[in-house]
Peer 1: 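First the structure, which I've put down as structure tokens, then a few questions once you've had a look.
Counting convention: from 1, in listed order, for ligands and their atoms alike. Since this is a predicted model, take the numbers as computed values, not measurements.
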Amino acid sequence: MDTSLPMFAGRRVSPAQGRGRASTLPTLTTRSRIPSPFIGGGGKLNPQPPILQQQQFEAASAQEEEEELQINASPNNRRPLNAYGVPSRHPSRGNSYSLPRHNVPSNLNDKIRVCVRKRPLSKKELARNEKDIATINSQRTLQINEPKTKVDLTKYVEQHTFVFDDVFDADANNEEVYKRTALPLVEYIFHGGKATCFAYGQTGSGKTFTMLDERHGLYVLAARDIFTLLQEPKFNHLAAYIGFYEIYQGHLYDLLNQRKKLFAREDGKKNVIIAGLQEYTIDNVDSLVQVFDYGNTVRSTGSTGANEDSSRSHAILQIVLKHKNNRKKFHGKLSFIDLAGSERGADRGDADKQTRHAICAEINKSLLALKECIRALDQDKRHTPFRQSKLTQVLKDSFVGNSRTCMIATISPNISNSEHTLNTLRYADRVKELKSERDRAERVAAGLELAANELQGLTDEQRQEYYSQAQAKLAAEEYEEYDGYEEGYEGYDYEEDPVYDDDDESDFLDDDFPSDEDNDLFGEEMPSDGIVDEDFISGRDESANYFDNEHETTENFSNLNVNDTPNSHISSSTITSHIQSSPDYSNSLNSVQLPSSDGHASLQSGITHADMEDFLKRHRHELREVSEAGKRETKLLANFTLGMNSNNDIGAAHDLTVEAFEKYLDELDTLLEAKEHNISELRRRINQLWRR
Ligand SMILES: Nc1ncnc2c1ncn2[C@@H]1O[C@H](COP(=O)(O)OP(=O)(O)OP(=O)(O)O)[C@@H](O)[C@H]1O
């Protein structure tokens with residue numbers, strides 16, 4: 001007797017999952033698995049989410065799907081033949097199933113969306129008579145018919161079925177793709193969010209065509225809508241700033257400024273700043289395309305067997321919305337990323353083998369890190385491994401807090417690329433596991449399979465044996481799948497740290513940025529000659545670290561007398577006195593109801609344990625935020641002091657120092673504002689406790 005387990009899409013399926021739970025199908029709803037403050041009623045950034053309509057639609061569709069399944073289960077139901085003339089379920093393996101059509105649209109407001117786009121067969125592929133092995137079954141499912149050969153040389157087709165948020169067939173145009181991928185992100189950034197849209201896939205599968213095509217690329221379509229929205233009176237105070245850079249072998253280069261090397265840092269509000277990035281204020285699509293074309297000509301490319309223009313770098317086009325009258329005031333950000341080709345180590349074109357290996361390793365590392373970061377977010381992990389690659393470091397602020405991400409996996413449909421295509425789809429599948437839907441499909445498929453054959457005729461004992469094996473197998477698979485993600489990174493045990501104790505606010509614990517010990521936020525090597533980098537000072541740089549700060553020394557601090565500044569609201573060099581003199585501070589202080597003067601606490605009697613816990617959480621948060629801001633402040637002070645010391649006080653050098661001083665003050669102001677905010681928030685909570 002063959003007790004091997006039935007399989008689905010390359011994975012074995014538990015009979016317990018299959019038959020046991022199939023009967024509960026009608027009550028299963030599809031999905032709402034990503035808890036996000038912006039999804040479902042009341043989310044500030046999402047004033048009218050179409051969730052309700054969607055849920056109603058889902059309920060109706062669930063019923064339809066169920067009916068369809070029962071039809072498929074009928075022994076009289078003849079399965080269609082696939083492109084190879086074989087029934088859609090291979091009789092000898094029992095490992096593939098015809099899935100219900102997933103006609104339920106996904107939620108455009110999900111924090112993370114994963115879509116797939118199939119390109120048409122190219123002329124060359126058609127001329128070679130290559131078969132199209134990718135079948136789109138519905139708006140959300142696709143099937144890869146992978147030709148295989150058994151050891152006895154019998155040919156068969158293995159079918160792999162995947163479910164995504166959206167699947168676009170070869171005839172879908174960029175406008176259609178745009179509406180369900182980047183358009184929601186455009187709307188989102190106008191509500192103050194940060195968003196990322198990226199394409200992932202094998203060389204030649206259509207990433208550039210989708211993202212960066214100069215006529216219909218998603219970036220052009222998005223820019224068109226962004227510029228239109230900026231004309232509206234309510235957004236009149238905003239302007240779009242365009243920057244275009246690449247990540248090549250772990251370094252950042254400005255594509256709009258002669259590949260000048262760039263450094264990524266984080267400002268006081270946790271926005272990632274690409275220091276030195278040349279940004280253009282652009283208000284029409286034509287100029288944007290011009291700027292972009294220019295940038296593209298300097299992008300790092302190499303030649304592979306597959307595509308002459310194949311890129312070896314990740315290209316990032318960012319559109320930042322800022323306040324017109326204050327460029328430092330950030331509103332929203334949308335990044336389009338054309339990732340380097342995903343195939344592993346298969347490149348053949350580069351002359352130098354060592355370079356080729358280094359490039360491939362770097363690309364693989366960053367793609368892996370990207371996947372892990374998105375997975376961590378999707379699964380609400382407490383720690384996100386941003387530091388594992390330059391790509392994820394620069395994208396950090398697009399993943400945490402008010403952020404949305406849309407990934408478009410691009411696939412080639414031809415037979416000779418089936419392996420790469422499957423790799424791409426598996427990668428995408430892992431990025432966001434649409435568990436409830438996949439499980440549902442698996443349960444159904446397994447249920448049908450079992451009903452049809454294997455368990456029939458078995459004794460009770462044999463069935464029992466079958467179930468235990470299946471359960472053990474599933475448990476092992478699940479263990480393998482999640483093993484390794486829980487430990488955190490950099491060897492630091494966050495669980496043990498009482499300060500970083502169990503907090504429910506989303507990004508308390510996922511901050512990977514180094515603090516005092518690092519040169520820049522990402523630990524990247526900075527110019528270490530102590531000389532002011534001209535470009536940093538030239539006014540293009542929004543970062544605070546204008547000077548090399550390799551040797552942070554306290555003696556230098558005394559050289560800076562903040563009291564001498566013309567900026568009157570910084571009245572003292574100490575944070576405390578600054579905070580005390582601020583209007584926010586006085587307001588919060590005035591509004592706090594202190595305990596009565598006879599010394600008896602006047603806490604409200606109904607205070608619960610949970611209230612106290614809640615307050616402690618807030619306090620920990622405040623402590624951490626303020627101490628981080630303090631560290632940044634120390635660093636800022638040291639940087640400026642060192643820079644000032646290395647410049648003399650006459651002529652051009654003095655002018656540079658004054659300019660840097662202005663920026664230093666600006667940055668300091670932002671840091672203090674962040675601290676004040678945290679402190680006054682804590683005081684507000686104290687106030688609430690006394691009052692209740
Ligand atoms: N959906 C599509 N419809 C029509 N043609 C397409 C589509 N997608 C891609 N192509 C064509 O396929 C070819 C390869 O596409 P593209 O250059 O976008 O691939 P890529 O994934 O960006 O490759 P690389 O990683 O090497 O840059 C191009 O000639 C492009 O015009």
Peer 1: Does Glu232, at its CD atom, have more than 12 non-hydrogen atoms belonging to other residues, nucleotides or ligands within less than 6.0 Å?
Peer 2: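 Yes, the 6.0 Å shell around CD holds more than 12 heavy atoms from other groups.
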
Peer 1: Do Arg119 and ligand 1 have an N or O pair less than 3.5 Å apart?
Peer 2: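 No; every N/O pair is 3.5 Å or more apart.
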
Peer 1: Under the side-chain hydrogen bond (donor to acceptor under 3.5 Å, both in side chains) test, which residues partner Tyr241, sequence neighbours left out?
Peer 2: none

Peer 1: Which ligand 1 atoms does Gln202 reach within 4.0 Å, using its non-hydrogen atoms?
Peer 2: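 Result: 21 (O).
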
Peer 1: For ligand 1, which atoms, with element, lie under 4.0 Å from some heavy atom of Arg117?
Peer 2: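 In order of numbering, the contacting atoms are 1 (N).
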
Peer 1: Would you say Thr410 and Thr424 make side-chain contact, with heavy atoms under 4.5 Å?
Peer 2: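 Thr410 vs Thr424: side chains apart.
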
Peer 1: Is the shortest N/O to N/O distance between Ser205 and ligand 1 below 3.5 Å?
Peer 2: yes

Peer 1: Against heavy atoms of Gly206, which atoms of ligand 1 measure under 4.0 Å?
Peer 2: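 Every atom of ligand 1 under 4.0 Å from some heavy atom of Gly206: 8 (N), 9 (C), 15 (O), 16 (P), 18 (O), 19 (O), 20 (P), 21 (O).
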
Peer 1: Quick one: side-chain hydrogen bond (donor to acceptor under 3.5 Å, both in side chains) partners of Asn174, sequence neighbours excluded?
Peer 2: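 With sequence neighbours excluded, Asn174 shows a side-chain hydrogen bond (donor to acceptor under 3.5 Å, both in side chains) to Arg117, given in chain and number order.
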
Peer 1: Indicate yes or no: does an N/O atom of Thr208 lie under 3.5 Å from an N/O atom of ligand 1?
Peer 2: yes

Peer 1: Could you check if a side-chain atom of Lys260 sits within less than 4.5 angstrom of a side-chain atom of Tyr253, using non-hydrogen atoms only?
Peer 2: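 Sidechains of Tyr253 and Lys260: no contact.
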
Peer 1: Are any of the heavy atoms in Pro120 under 4.0 Å away from ligand 1?
Peer 2: yes

Peer 1: Does Ala172 reach ligand 1 with a nitrogen or oxygen that is under 3.5 Å from one of the ligand's nitrogen or oxygen atoms?
Peer 2: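 Among all N and O atoms of Ala172, none is under 3.5 Å from an N or O of ligand 1.
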
Peer 1: Any N or O on Gly204 sitting closer than 3.5 Å to an N or O of ligand 1?
Peer 2: yes

Peer 1: Strictly below 4.0 Å, N to O, side chains only: are Arg259 and Asp254 in salt-bridge contact?
Peer 2: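 No.
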
Peer 1: Side chain, backbone, both or neither: which applies to Ser122 and ligand 1 if a contact is any heavy-atom pair less than 4.0 Å apart?
Peer 2: neither

Peer 1: Check this for me: does any side-chain nitrogen of one of Arg224 and Glu175 sit under 4.0 Å from a carboxylate oxygen of the other?
Peer 2: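 Yes, this pair counts.
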
